[in-house]
Amino acid sequence: MTMDKRLGQRFLPYGANYLDWSDMSELRAAVEQKVLFRYQTESESMASRLERRVAEEFGVSHVLAVHNCTEALRLALISTRPRTGDVVYIPAVTFVAVAGAVLSTGLIPVPVDVDDSFALDASLLPSDAQRVIVAHMEGAVAPLPAGVPYVIEDAAQALGASFPDGRPVGTAGYAGAFSFHHNKVLTSGEGGLLVTGDRAVWEVMRCYHDHGSARQPGHYPTWNDDAYYGENFVTSEEVAAIQLQQFRHLGRIVDGLARHYRIAVAELPQRPDITLLPRSAGDVKTSLRLRMESPELRDAAVTLLTRRGIANWTLNKYLLPEHPVLQGRRSLYADGFPWNLAEGIPRALSRDGFARTRSLLDRTLCVPLSPELSESEQVLAAKALRQTLEEL
Ligand SMILES: *Cc1c(COP(=O)(O)O)cnc(C)c1O
């Protein structure tokens with residue numbers, strides 16, 4: 001028996017399921033206005049509307065829309081006014097974009113080992129740590145380290161999640177970064193948001209993201225005598241318009257993920273050799289994470305699920321200390337920048353050289369949750385998963 005394509009394979013992730021011409025009033029308005037540059041009009045731009053909406057929804061004072069989450073992470077780091085070669089502690093298990101954002105800013109990423117839930121283990125951080133990026137992977141909320149001046153939340157995979165105290169993820173540290181890449185909770189193809197509670201920090205971010213200027217909408221940029229150089233990370237009106245449309249569906253996606261999780265948990269077989277990693281109340285977990293007794297059992301599950309047409313993935317590719325860029329300290333610069341500044345900086349922080357984490361990764365299997373499915377379809381998907389796991 002193989003699964004119905006729609007139930008087994010998440011052919012369109014999350015927000016992409018809700019792209020529909022009948023629901024694109026903002027995009028239509030942006031096109032009809034014939035202005036796709038956010039600073040061309042003196043009336044409120046789509047990008048400003050988006051930023052205002054996110055500020056209200058997340059209860060955060062300052063928001064800046066950029067092209068993607070990698071840029072948002074870079075901008076957050078740059079706004080801390082680091083020295084080139086400064087260390088940024090990052091989770092050992094996350095997407096390589098985090099390391100790329102650090103390196104392309106002239107800083108040195110040091111991967112820090114993770115706990116059983118793959119969240120950065122703050123007890124490994126040195127007491128003088130200045131900059132830490134915490135990633136909320138697959139919508140599982142990770143705790144933030146205390147006593148670190150610059151904690152940047154990578155919430156690329158966790159839009160809509162909240163901490164146990166109710167604060168939305170991304171709003172509890174120095175700055176938070178979100179992604180609207182196709183595979184994330186909401187999508188505009190590419191897209192990013194940066195949030196911070198500090199007005200002065202936001203002003204630095206806004207200037208850097210627009211060639212170093214604090215542009216007045218409708219005007220050519222002017223430069224202060226004390227301006228510093230910047231880049232161009234300014235978002236586009238049609239992208240902001242699609243993001244506004246996507247936000248209308250966030251609540252439904254979050255609810256649909258929670259419902260699918262509940263249904264799947266009720267259907268999981270009681271096997272002592274397969275355990276489900278827990279889901280916290282505020283998580284926007286996009287997958288069921290199963291931990292198997294052995295790598296052999298995990299690999300057998302991958303084979304059988306795949307044969308049945310049931311989507312699944314593993315997290316082994318996220319182990320950054322084994323990524324060639326970190327392992328080989330590689331760079332396109334002729335002098336190896338910024339790795340040439342890394343002398344004396346540890347390659348990673350781990351008690352056991354990542355042996356435990358590697359073992360956890362080798363035994364972990366993720367099965368996507370599909371919020372767009374109806375309740376009865378989710379029940380069918382959960383039953384097919386149970387049947388397959390029972391046969392292992
Ligand atoms: C996707 C992702 C990023 C990068 O986001 P982009 O918008 O594609 O630049 C960064 N961190 C994590 C954890 C991600 O999953």
Side-chain angles (χ1 to χ4, degrees), residues 10 13-16 47 50 54 63-78 88-105 107 109 111-112 114 117-120 131-144 151-161 169-170 173 175-195 205 209 231-236 239-240 242-243 246-247 253 257 283-287 289 313-321 323 325-326 357 361 364 366 368-369:
R10 208 186 59 220
Y14 315 118
L50 171 74
V54 173
V63 183
L64 188 67
V66 293
H67 294 128
N68 55 59
C69 181
T70 310
E71 269 178 15
L73 290 170
R74 283 197 58 209
L75 198 44
L77 289 166
I78 292 165
V88 182
Y89 297 97
I90 65 173
V93 177
T94 191
F95 184 46
V96 70
V98 179
V102 173
L103 288 161
S104 62
T105 309
L107 308 175
V112 179
V114 295
S117 68
F118 298 129
L120 181 139
R131 296 177 182 80
V132 179
I133 297 178
V134 169
H136 306 292
M137 297 299 284
E138 298 191 337
V141 179
L144 305 189
V151 176
I152 297 167
E153 288 182 68
D154 178 347
Q157 302 186 8
L159 187 73
V169 301
F178 298 91
S179 174
F180 290 78
H181 179 267
H182 179 71
N183 286 328
K184 316 293 174 160
V185 180
L186 300 182
T187 186
S188 49
E190 300 279 1
L193 280 179
L194 185 54
V195 306
M205 291 167 170
H209 110 297
E231 298 183 61
N232 178 3
F233 297 167
V234 178
T235 193
S236 206
V239 173
I242 292 174
Q243 289 165 339
Q246 289 278 292
F247 262 101
I253 292 170
L257 285 169
D283 287 357
V284 177
K285 266 182 91 107
T286 49
S287 71
R289 280 190 194 167
W313 62 76
T314 64
L315 300 173
N316 295 63
K317 62 184 180 295
Y318 284 137
L319 187 58
L320 289 187
H323 191 287
V325 166
L326 283 100
T357 296
L361 288 169
T364 302
C366 300
L369 297 165

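Numbering of ligands and ligand atoms starts at 1, following listing order. Counting begins at 1 with the first residue of the sequence.
The protein non-hydrogen atom at the shortest distance from atom 11 (N) of ligand 1 is Asp154 OD2, 2.6 Å. With hydrogens left out, the protein atom closest to atom 5 (O) of ligand 1 is Cys69 CB, 3.2 Å, a heavy atom. Nearest to atom 7 (O) of ligand 1 among the protein's heavy atoms is Ser179 OG, 2.6 Å.
Leu186 is not listed as a side-chain neighbour of Gln243, based on a closest heavy-atom distance of 4.5 Å or more. Using a 4.5 Å heavy-atom threshold, the side chains of Leu326 and Pro109 count as touching. A heavy-atom distance below 4.5 Å is not found between the side chains of Glu138 and Phe118. Counting only heavy atoms from C-beta outward, the side chains of Thr105 and Val88 never approach each other to under 4.5 Å. Here the side chains of Val93 and Met137 are not in contact, with every heavy-atom distance at 4.5 Å or above. His181 places none of its side-chain heavy atoms less than 4.5 Å from the side chain of Asn68. Contact annotation: the side chain of Val54 approaches that of Phe247 to within less than 4.5 Å [non-hydrogen atoms, C-beta and beyond].
Those atoms of ligand 1 that come under 4.0 Å of a heavy atom in Ala97, given as number and element, are 3 (C), 4 (C), 10 (C). Taking every non-hydrogen atom of Asn68 and a distance limit under 4.0 Å, the qualifying atoms of ligand 1 come out as 6 (P), 7 (O), 9 (O). Taking every non-hydrogen atom of Ala156 and a distance limit under 4.0 Å, the qualifying atoms of ligand 1 come out as 2 (C), 3 (C), 10 (C), 11 (N), 12 (C), 14 (C), 15 (O). Near Gln157, meaning under 4.0 Å from any of its heavy atoms, are these atoms of ligand 1: 13 (C), 14 (C), 15 (O).
Under 4.0 Å from ligand 1, heavy atoms of Thr70 appear from its side chain as well as its backbone. Contact annotation: for Thr94 versus ligand 1, heavy atoms closer than 4.0 Å belong to the side chain alone.
Taking a 4.0 Å cut-off on heavy atoms, Met137 registers as neighbouring ligand 1. Ligand 1 lies within reach of Lys184, whose nearest heavy atom is under 4.0 Å from it.
Of the options Leu159, Asp283, Val141, a side chain to side chain contact (heavy atoms under 4.5 Å, CB included) to His136 is made by Val141 and by none of the others.
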